[in-house]
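Just so it is clear, the structure is predicted and the values come from calculations on it, not from any experiment. Convention: sequence-line order gives letters A, B, ...; per-chain numbering from 1.
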Protein chains: 2
Amino acid sequence: MKDARPCSIARTLALVGEKYSLLVLREVSLGATRFDQLVRNTGAPRDVLTTRLKRLVDAGLLEKVAYSEKPPRFEYRPTRAGLELEPVLLTLMAWGDRHLIDGDRPMVLEHFGGRAHPGGHVTGHELVPVVTCAECGEEVRHDDLTAHPQTPGWTVTGPAAVREHDGRSAR
Amino acid sequence: MKDARPCSIARTLALVGEKYSLLVLREVSLGATRFDQLVRNTGAPRDVLTTRLKRLVDAGLLEKVAYSEKPPRFEYRPTRAGLELEPVLLTLMAWGDRHLIDGDRPMVLEHFGGRAHPGGHVTGHELVPVVTCAECGEEVRHDDLTAHPQTPGWTVTGPAAVREHDGRSAR
DNA sequence: TTAGTGGGTTGGAAATCCGAACCCACCTTC
DNA sequence: GAAGGTGGGTTCGGATTTCCAACCCACTAA
């Protein structure tokens with residue numbers, strides 16, 4: 001990855017884009033925080049898992065917490081930053097559910113939103129994740145976006161073209 | 001990846017989780033659809049890019065459209081399914097902007113939402129992507145989720161644990 | 001004619017991934 | 001107290017992938 005467009009997507013992927021990294025985060029989010037659980041549930045080879053865990057801990061996405069001395073044993077808990085990657089996992093899962101699944105989905109997420117009625121039955125509903133804009137509250141559609149690269153020399157040219165500092169429009 | 005938890009995240013990543021694949025989708029979403037643009041903007045080696053493009057076309061995320069005969073030249077346009085991965089890109093970018101950036105963000109997305117006033121000035125605002133639940137409209141928080149694996153033998157055990165087959169509700 | 005461009009393909013070196021085996025400390029059961 | 005099991009790794013050699021530079025071919029422009 002020599003000199004590509006400077007981009008937060010690329011930088012994030014440099015951190016968690018290696019094989020198994022996001023699956024590890026999925027598992028710790030689900031509560032499987034121990035080494036052998038991670039081996040079983042992600043399918044990663046043990047040595048690969050070791051290096052992934054090291055990397056994620058160093059990056060501050062996981063923390064290594066001892067749950068036993070003698071023998072020293074650790075679990076890997078997601079930090080706040082790690083949990084904040086959950087939206088990525090949710091959108092990946094939603095896409096896979098929509099495009100890759102033949103029959104039933106392999107996992108259903110139940111969402112307890114809408115300020116649970118105090119005292120009443122607390123009932124959830126199925127989660128249907130959608131990306132919206134915090135500013136205006138609307139669902140984000142591709143055609144409503146315009147990209148403004150901040151680095152000179154890395155303009156965009158397509159339908160989402162930037163119309164910068166010169167009267168004529170791009171393309 | 002032998003036998004791991006059956007999961008749409010894993011299946012989606014098996015498709016687009018290889019190095020550069022998501023960057024390719026970023027670029028075609030931005031309008032850079034030609035081979036050498038993709039080489040420049042993603043930083044991928046040309047041969048790797050060739051195999052990635054082949055894979056994405058086969059999977060139906062891109063379509064190869066001729067824009068010149070003699071010599072035959074193609075561009076790679078995102079299909080609807082490909083564009084539907086944009087939420088993944090947006091959440092990755094949002095995370096990187098929040099956690100990885102020292103100074104200014106490398107790219108700002110302008111959102112034209114809220115049903116543009118017909119005739120008036122069409123002004124956008126900065127996009128702040130948030131994952132919400134289409135069912136109840138609320139922002140999705142980790143603690144509001146409960147996972148229900150559908151495959152026997154792949155239960156979850158953590159704070160998002162499943163509470164199956166016993167009447168009491170979660171939380 | 002010479003140079004340049006778009007879109008690849010090829011070859012060898014470098015990095016990564018993989019599975020299995022091994023290790024060690026502890027706990028339990030016979 | 002020997003035998004086996006478990007949790008958490010490390011080490012090994014070999015199989016894949018990735019990388020990068022060089023090359024190729026068809027065409028266009030100067």
Side-chain angles (χ1 to χ4, degrees), chain A residues 1-5 10 13-24 27-28 31-59 62-78 153 157-158 171, chain B residues 1-5 10 13-24 27-28 30-59 62-78 153 157-158:
Chain A
M1 228 182 274
K2 271 280 121 73
D3 51 337
R5 182 197 293 284
L13 286 176
L15 206 54
V16 299
E18 294 165 302
K19 214 168 176 178
Y20 303 115
S21 292
L22 284 173
L23 298 187
V24 167
E27 288 301 320
V28 298
T33 57
R34 299 189 182 178
F35 190 85
D36 67 325
Q37 293 177 315
L38 293 172
V39 166
R40 267 194 297 278
N41 296 357
T42 66
R46 304 167 81 79
D47 61 341
V48 173
L49 182 62
T50 301
T51 73
R52 292 296 179 275
L53 290 173
K54 208 157 300 186
R55 190 148 168 60
L56 293 173
V57 169
D58 288 351
L62 299 180
E63 54 182 346
K64 194 173 182 175
V65 180
Y67 69 91
S68 145
E69 328 259 333
K70 303 176 105 26
R73 287 296 126 89
F74 306 93
E75 59 182 336
Y76 297 87
R77 301 235 196 99
T157 63
R171 320 197 56 165
Chain B
M1 227 181 273
K2 271 281 119 71
D3 51 336
R5 182 197 295 282
L13 286 175
L15 206 54
V16 298
E18 292 164 302
K19 216 168 175 179
Y20 304 114
S21 293
L22 285 172
L23 298 187
V24 168
E27 288 301 320
V28 297
L30 291 174
T33 58
R34 300 189 181 178
F35 190 85
D36 66 325
Q37 293 177 315
L38 293 172
V39 166
R40 267 193 298 278
N41 296 358
T42 65
R46 304 168 82 81
D47 57 345
V48 174
L49 182 62
T50 301
T51 72
R52 292 295 179 274
L53 289 173
K54 206 156 302 186
R55 189 148 168 62
L56 293 173
V57 169
D58 288 350
L62 299 181
E63 54 181 346
K64 192 173 184 175
V65 179
Y67 68 92
S68 146
E69 328 259 334
K70 308 176 92 39
R73 287 297 127 88
F74 306 93
E75 59 184 336
Y76 297 88
R77 300 237 195 97
T157 62

Query - Length of the CG-C1' vector between B:Leu49 and D:dC19, whole Å - result: 13 Å
Query raised in the report: Can you tell me if B:Thr50 uses its side chain to pair, donor with acceptor, with the backbone of B:Arg46 under 3.5 Å?
Result: yes
Query raised in the report: Does A:Thr50 put a side-chain nitrogen or oxygen below 4.0 Å from OP1 or OP2 of D:dT10?
Result: yes
Requested in this report: Would you tell me if any nitrogen or oxygen in the side chain of B:Lys19 comes within less than 4.0 Å of OP1 or OP2 on C:dT16?
Outcome: no
Query raised in the report: Rounded to whole angstroms, how far apart are CD on B:Glu18 and C1' on C:dT16?
Result: 14 Å
Report summary line: Rounded to whole Å, the CZ-P distance (A:Phe35 to C:dC24) equals 17 Å
Query raised in the report: Looking only at side-chain N and O atoms, does A:Arg52 come under 4.0 Å of OP1 or OP2 in C:dT16?
Result: no
Query raised in the report: What string of B, S and - do you get for nucleotides 21-30 of chain D, 5' to 3', if B is base contact, S is sugar-phosphate-only contact and - is no contact with any protein heavy atom under 4.0 Å?
Result: ------SS--
Report task. Determine, for B:Asp36 against B:Arg40, whether the closest basic-nitrogen to carboxylate-oxygen distance falls under 4.0 angstrom. Result -> yes
Query raised in the report: Rounded to the Å, how far apart are B:Gln37 CD and C:dG7 P?
Result: 8 Å
Report summary line: Applying side-chain hydrogen bond (donor to acceptor under 3.5 Å, both in side chains) to A:Asp47 and not counting sequence neighbours gives none
**Report entry** Polar side-chain atom of A:Arg52 near backbone of A:Lys19 as donor-acceptor pair, under 3.5 Å
**Finding:** yes
Query raised in the report: Is the shortest side-chain N/O distance from A:Tyr76 to OP1 or OP2 of D:dG7 below 4.0 Å?
Result: no
Query - Length of the CG-P vector between B:Asp36 and C:dG8, whole Å - result: 10 Å
Requested in this report: May I have the distance from A:Lys54 (atom NZ) to D:dG9 (atom P), rounded to whole angstrom?
Outcome: 8 Å
Report summary line: Interatomic distance, NZ@A:Lys54 vs CG@A:Leu49, rounded to 0.5 Å, equals 10.5 Å
Report task. Please state how far atom CG in B:Leu38 lies from atom P in C:dG6, giving the value in whole angstrom units. Result -> 12 Å
Query raised in the report: Does B:Tyr20 make a side-chain N or O approach to OP1 or OP2 of D:dT17 shorter than 4.0 Å?
Result: no
Report summary line: Rounded to whole Å, CD of A:Glu75 lies from P of D:dG8 at a distance of 9 Å
Query - Shortest side-chain distance from B:Val48, nucleotide among D:dT18, C:dG8, C:dG6 - result: D:dT18
Query raised in the report: Under a 4.5 Å cut-off applied to non-hydrogen side-chain atoms, are B:Val65 and B:Thr33 in contact?
Result: no
Requested in this report: Starting at OG1 of A:Thr42, measure out to CZ of B:Arg5 and round the result to the nearest 0.5 Å.
Outcome: 10.0 Å
